[in-house]
Amino acid sequence: MKNIFNQHRFIKKAVVMSSVLLTVLVTNSCKDDFLDQPAYNNTDSDKVFENLQTAEMFVLGCYRGLVPTEMFYQLGAGDTVNHSIEALNNSKYNVGNYNYDAYTPFTVTGIYSAMYAVIERTNIAVYQLSKMPESAKRNALIGEAKSIRAFCYYNLIRIYGDVPAVWEPLETLDPNDQNTFYPKRASRDEIYDRIVGDLQEAATNIPTLAQSGFGTTERLSKEGVNALLAKIALYAAGYSLRWELNTSNPGVVSRRPDNARVRELYQIADNACSAIITGGTKSLVQSQSGKSGFEALWFNFDRRNFGAVNSEMLWHIASLGQNTNSAFQVYAHPGYRNGVFGSRSSQQMILPTYYLSFNQNDTRRDVTCTSYSVYFLNKGDAGDTFVDVGTTYSAIMPGKFRLSWSVEPQAAADRNLNIPILRYADVLLMYAETQNYLNSGPTAAANAALMAVRTRAGVGTLPLPSGQTDFLKAIVQERKWEFAGEFTLRTDLIRTNSMTTEIEATRQDMKDLTKRIGKYANVATYRLYKFHRNTQVYGDPFLALPYIDITDPTEVATIKNVPTNSANFAAYQTALRAIVAAHGQPTSSDDKWYPTQMFEAYTSTFNGNAKKAVGFIDGFSNLGMGNNMYSKPFGFAENGGAYPGWVESANDGLFFGFKTNKTELLPFAAASAGHPMIDNPNLTQLPGY
Amino acid sequence: MSLIIKHKNIKRIVFPAFLLSSSFIWAQETVSDTTKISTKVIDEVVVIGYGTVKKSDLTGSVSSVSAKDLAATPAMNALQALQGRAAGLNIVTASGAPGASANVTIRGGASITQGTEPLYIVDGFQLDNALNVINPNDIESIDVLKGASAIAIYGARGSNGIIVIKTKNGKKGKTIINYNNFTSFDTLSKKLDMLSNAEDYVKYQYEMASLAGKMSQWSNIFDNNLAPESPGFYTGAFGRITDRYANAPTLDWQEKMLGGSGVTTNHNFNFSVGNEKTQAFISYNYNKQDGLLENFSETRNSLRANVNSELYKGIRVDFNTVFNSNSLNGGGAYSGMKKILLQPITGGTRFNLNQLFNSQTYGDFSALEPSFDTENPFVELQASTSNARARNFVANAGLEIDFLDKFTFRTAGQYNWKNTKSLSFSDQNSRANLTDPTTTGINGKIGNSESYGYQITNTVTYNNTFGEKHKLNALIGQEVVYSQLESNNMTLIKFPFPNFGLDDISTATVSDKSTNRSSTALTSYFGRVTYNYDDRYLLTGTIRRDGSSKFGPNKKWGTFPSVAGAWRLSQESFWQNSKINNVVNDLKFRVEYGVTGNNDIGNNLFLTTYSITDYPMNNTPGTPVYVTSSNLGNPNLKWEELKSTNIGVDLALFNNRIKLTSEWYNNNVGDMLLEAVLPSSTGYSRQYQNIGNMRNRGIEFTLNTINWKSENFRWSTDLNIGHNKSKVLSLEKGRDFRPFSVGSNRAGVVTYYARVGEQLGEMYGYVYDGIYTTNDFIQNANGTLTLKDGVVKPATGTPKPGDIKFAADNEAGNQFTRKMVKIGDATPDFIGGISNNFSYKGFDLAVFMKFSVGGDVYNATKHSLSPYALFQNVPSEFGTNFYHLVDPNTGQQTNNLIRLKELNPNEDSRLWSLSNTNTQTITYPSSYYVEDGSYLRIAQLTLGYSLPKDFLRDIMVTNARIYVTVNNLATITGYSGFDPEVSAASGVAITPGYDSSTFPRSRSYVLGINLTF
């Protein structure tokens, strides 16, 4: 061995030396920076809050995910206006009918996680911004973050009651403290007091829309913050289901016990509304280019002409394209089958009692409710004729957010509709309410505020109620007419302590309507709808289908005589047009009309034959709607002398799960991982679940 | 001392293992003719970390599989070849589809939620997914390192065990050329029993429609769209069904889709050439596998070349390079089994069978029944295609220098590069396009990823013998490993026209796009000392210090020591001199203890990171904003630590004809890396934490016997059995369980609990207790039903006959309240493999069987096939034995107990009714779907014949062997699904035994030839 070693000494030396060198090189590169491999496409909090520009980008990011789907999908129903038309055993149907259950679960879970995700982000923003040098811009950003946080807590409290309160970013908390990861429920009054204070501070620091130079109210402005302050102060002062946190005794719907603070909160709300009203920068959208004010508001909002609605829309959530907020528009619309809008099944309907509650001059009815759905004549292939087809009472659909009014989405998963949160009309009605409360009855200012809303809607002639109680009732009713489908009515009914009465009244009204008794004694059974083609174009301003209610027995006899032989279609149309003319409706010989028995199933033989007589060829039975109700008879008589199951039955009838002092709040889900009751052992459940 | 005496001795000893080779005694007699029996074991060499060791000197627990074992039977890949061959090694392929991934675990794995994949070391270098990448023909040996001492040299990456692969090198001497070829024909091994009679099917549909209030939808398909209001619609319905469907033909979708056979062809060519100084080996392999399903196939090409050379005495170089190319059509898994099974078997009056099979009827059915969720699999397979191509290049080189007499310095480096391109495209007939033609339309995805990495290892070895008896081997080393991954992905929608597919995307719209880049680094120092005294006492100590980029600034480094000792009792002089030595040739006791780590987590999890996303503020899409990630960073995140103890005995008997190795181990995992689910009130969904402790404890036996050995006939048996039992020792503070739900409502859902004091793999759900029958009710005067006293009440609502009944779980014992209880345990009592090899003259026969005993399987396939939507088919047991609520005379639901009893003979043995309540209730995890997954599978049977050498000599062939193999010949099991051998649901140890309707394993018939020139 030695010998050989000597022989190749030079080579060996060279090789050994170079190897040693290599080793040294490698060892050098093994210093700790070799072990610091960067995250290439993200960064950490220190870098983001190095300057105000990136910090602002972070605050803007806090708006993402603010309105999870459940807020208008599950909780958009059950407000005595919108109703779920999912399958009867479906979780959404159950939540919409107050049948909660933590274990299946029939409750909501997404709101909880979404709100706390945003709360954590706002906590980071507040903490980090506070460490930056003081400036007006910085203070405005802190105010903005605090306002968004306030909105999150307000949502959590109105859904769950007392909830965990987290005010600092998690990274700054002690991971060994139980409360860091597993916080208990905290008093809602304390949370409300803190966020009301935050909003008062924010209202002084945030610029008005005009000052901000921002083009839309997708970002909170001073006016938006004041409106949010008023709203939250009213919730803080209002009724909710309360129980002793350290017991599991049933709760009671009541106000917070400290009356002085209740009054103070009303005063805060009053001041905030007053600041907006007297500020003079906001107003209701009024009628323009042939559209009523209410119609112009929603048409332009859906069209994303935000400049036209900035005056009234105080805050709405940006949602366009991917990566934004939830699939807002998918669940509440007239229903579409095939064609340019795709097949979209509406999962909510409007209760016919609500549809019938409008004054005939109220322009809000046909914007809020559609008595049509979009369907096709033949098979729905390209080139088919699509129709805005008239429906029955069990298929009156939500109308504020129609695909036909919207801009075209880029892809199926994309969004094209913003989410309205606060409107000037809300400020006016809140102001009317605070004035009424603080002065134990309506003041002139209260009356003026209510009248402003009514006049815009075309019902300025309705009588003004007097007395505190009646005035409040009128406001509750006005809110229903004004805010259907805007995700606030359900909890507003609790706040104003009118939920039980409203639910019970609506149940009775629905039963009376199916029997056509009481105030529904004169509701027409038959309607003549005008045949109307759907243009299949995004942006089609079509509002409502012309119709004539038919009550005259002779006319009823005529329209009931639907021919089944196509040879007789023309004569039938002539007879129908004569009826139309007799009702003073202009009609031409090109028009076609078809009768609909409003209490039968949309798919009944009569209704089907009537539509065949105007050209429907293939199946006309499956509208783009959850299919529980419209394909079954609605009327008591039409249903064989029984209420339809969805109106009255123990296991799935209208609001069948509702129980006073129990269902005003929702239980935390407890079925599996990811649910609050499973993930957090320190949480306590809502009594009764 | 004659052998006969030995015989007598043995006859008094009863080893259970001998029962498996009862002919042993007789075989021994044949051997007795030989004059002298050598007690010296022919020493195998075992490849361990950074070196090799003689098997007899081994102190750690290692299972070896040689090329001989692998080569005898054809295999698509090394994973398949290795299945069931080593004790404690469990390989389960996820499905029978070409290119399916596999779960590989050693001794149960060392983690609950993190990967349990072992570390693969090929020729000294880390190579991810090696068993899937390396051509089995190129493998010289595979050593599975299991014990603490063997794995500790790999420190931070070792806790899941190590699979060390050595590839073939050129041999000195004669040039050898091999050519191997096989062709395999794959067929479906089992069909599920689905409803196949048209009349039964339509009646079933009628009842379902009737209970769901969807009569007009039913009529639309099955009854000429007759209006339900028509006179006699209901009363005449059953008569019309019989008239129309009594002998109507139906579609057998399983037969249509999977009834054919897939063909696999494999060619392997290699040659070895070498002289004293330099040897070279080159191998090329081609493998093309066509799956049973259309557009499912895999093509592999691999080329390997290596050279070893001694440049000068004491200076050696080696160079090795591999290029692989792999093209996979169809994605490696098929999630559409459920869709095949649930397809309507008749199109009723609406579609003829031809239309039903050839057109995308999904839109028609789902328009009538929103729950209908199964698109036409025949159309979809052609409409939605995918291709994944991977190209892999590895080159490594090493230089070894002997110096100062006893020292060897080795430096070696490797560079690896991998490019993956994945494409998927859905054309105009796809479900995606048909359901959303305007906003999604014809669409596709393009993904590219490129990774590269290097490893540099430097070691110095010292080898010396002092005096006669002291042998010392010492190693010190240093290593760096670096890898980087870059990828980009694009989703394209709204192709106006499909003709060029993804080859022309100019007219499509980009709906989603992303790039990603990450890198990791590991740097290490390690050492090992082995001391051997007189081949009797063996001692090994190792230590390794690793630094990893995956941990935060203060937690990057970890130190992992181990120690092991062995005593070869059979080498003691008293043993050598006693008679027993003639029976027991070798007896060795081993003990080892060591600490290893696991850093199998993503990068930068110690940081809470902020990323940019777009948000359409100010009505402007694409406005950039910052958001936090859903993972909360954990700056204190540190190594998962495995403390492992292993005790082993190696025994060789009767001239080494019986070799038995048994091991006991105890693996304690501490500071487990767990992706903890944070309560959502934290604002984050997850955080990686070091939570709790877990234990794996088990025993393993490996028995190799030569049962018969004579001139012409030889029979040997290799058996391995492993038993592993895990136990969760603790979880994070204040918690004693952690649920992991698998599946979704209609896919069959079950929840696994990791519960302190219990083992992993326990399934939780509700206990199925049959159905409510008429005997459970009283009919009131007004017709309504009241539940009798004492009958268990459901969680909500009022039950009716035919409703599913779950066992009571409240304290009073009279109500089901949905408390989850244990319904199954997926951990088998033991698993193993047994292979018998026979040879007679030129014939060889190998039978390889695998078994698993005692583990439950959650039959999620069956769960997902339980009735829930109109028009879909169901398994026969539901379709013919469900509880009838509809009276055929009236065509309407009846509530009358007497009538229901008449309609449902043998009420108790029926399955639930098709009511809305039940279609909801079946989404619950239920003990009804838990089945015993024990099985014994004849996994492989090979019969070969080697042609006589005399005959071959003339045609220049050294060896020629032809063979036939049947893979997956038969499975003995009580399991009712396709296959009881199922992998963990998401590749983690917590959720084993979940049968999620994957592509079933095929049975294949193989014809092959091996030629050596």
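Chain identifiers are assigned alphabetically (A, B, ...) following the order of the sequence lines, protein sequences preceding nucleic acid strands; residue numbering begins at 1 within each chain.
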Could you go through B/N618 and A/R219, starting from their C-alpha distance and side-chain angles, then the distance that decides it, and tell me whether this counts as side chain to side chain donor-acceptor pair (under 3.5 Å)? CA-CA 8 Å; B/N618 214 8; A/R219 208 175 158 179; over 6 Å; no
With a 4.5 angstrom heavy-atom cut-off, which part of B/S230 approaches chain A: side chain, backbone, both or neither? neither
Can you tell me how far apart OH (B/Y684) and CZ (A/R121) are? Round to the nearest 0.5 Å. 9.5 Å
Using 0.5 Å steps for rounding, measure from the CD atom of B/Q217 to the OG atom of A/S631. 6.0 Å
Non-hydrogen atoms of chain B under 4.5 Å away: do they reach the side chain of A/D101, the backbone, both or neither? side chain
Examine whether an atom of A/A114 lies under 4.5 Å from a heavy atom of chain B, and if so say whether it belongs to the side chain, the backbone or both; otherwise answer neither. neither
For B/T608, is it the side chain, the backbone, both, or neither that has a heavy atom closer than 4.5 Å to a heavy atom of chain A? both
Closest-packed option against chain B by number of heavy-atom pairs under 4.5 Å, given A/L683, A/L156, A/V59, A/I124: A/I124
Counting only heavy atoms closer than 4.5 Å, note whether B/T917 contacts chain A via side chain, backbone, both or neither. backbone
Contacts of B/T919 that satisfy side chain to side chain donor-acceptor pair (under 3.5 Å) - sequence neighbours left out: none
Show your working on side chain to side chain contact (heavy atoms under 4.5 Å, CB included) between A/R64 and B/V627 and close with a plain yes or no. CA-CA 9 Å; A/R64 277 191 74 211; B/V627 289; 3.9 Å; yes
Most contacts with chain A, counted as non-hydrogen pairs under 4.5 angstrom, among B/N916, B/N443, B/T923: B/N916
Region of B/L632 in contact with chain A, defined by heavy-atom distances below 4.5 Å: side chain
What's the separation between atom CG in A/N680 and atom OG in B/S681, rounded to the nearest 0.5 Å? 5.0 Å
Measuring from B/S680:OG to A/Y116:OH, what's the distance to the nearest 0.5 Å? 9.0 Å
Nearest heavy-atom pair of B/T682 and A/T180: which atoms, and what distance? CG2-O, 4.1 Å
Chain B interface, residue from A/Y112, A/F341, A/F214 that has the most non-hydrogen pairs under 4.5 Å: A/F214
For A/T217, is it the side chain, the backbone, both or neither that has a heavy atom under 4.5 Å from a heavy atom of chain B? neither
Any B/R818 side-chain heavy atom under 4.5 Å of A/T104 side chain: yes
Portion of A/T109 that has a non-hydrogen atom of chain B nearer than 4.5 angstrom: neither
With B/N619 as reference, evaluate A/L320, A/N418, A/N305 under the side-chain contact (heavy atoms from CB on, under 4.5 Å) test and give the passing residue. A/L320
So, the part of B/K819 with a heavy atom under 4.5 Å from chain A: the answer is neither
If you measure only the distance, is there a donor-acceptor pair under 3.5 Å linking the side chains of B/T520 and A/Q37? no
Option in A/G342, A/G215, A/P676, A/A671 with maximal non-hydrogen atom pairs under 4.5 Å from chain B: A/G215
d(B/M617 CE, A/E56 CD) to nearest 0.5 Å is 9.5 Å
By a 4.5 Å heavy-atom criterion (distance strictly below it), what part of B/F551 contacts chain A: side chain, backbone, both, or neither? neither
Counting only heavy atoms closer than 4.5 Å, note whether B/N516 contacts chain A via side chain, backbone, both or neither. both
Is there a donor-acceptor pair under 3.5 Å between the side chain of B/Y615 and the backbone N or O of A/A318? yes
B/Y482 and A/F34 aromatic ring geometry - parallel, tilted or perpendicular at 30°/60° bounds: tilted
Set of residues satisfying ring pair (Phe, Tyr, Trp, His ring centres under 6.0 Å) with respect to A/F306, sequence neighbours excluded: A/F301, A/H316
A/F181 and B/P679: which non-hydrogen atoms are nearest, and at how many Å? O-CG, 3.0 Å
Centre-to-centre under 6.0 Å for A/F58 and B/Y610, is that the case here? yes
Compare every heavy atom of B/W557 with every heavy atom of A/L35, then report the nearest pair and how far apart it is. CD1-CZ2, 3.7 Å
Interface residue of largest heavy-atom contact number with chain B, from A/V166, A/L173, A/I119, A/V340, under 4.5 Å: A/V340
Within the 4.5 Å heavy-atom criterion, are B/M820 and A/Y103 side-chain neighbours or not? no
Find the one option among A/K632, A/H675, A/E171, A/R337 whose heavy-atom pairs under 4.5 Å with chain B are most numerous. A/E171
Portion of B/E486 that has a non-hydrogen atom of chain A nearer than 4.5 angstrom: neither
If I measure from the heavy atoms of chain A, does B/P739 come under 4.5 Å with its side chain, its backbone, both, or neither? both
Rounded to the nearest 0.5 Å, what's the gap from CG on A/N90 to CD on B/Q920? Could you check? 7.5 Å
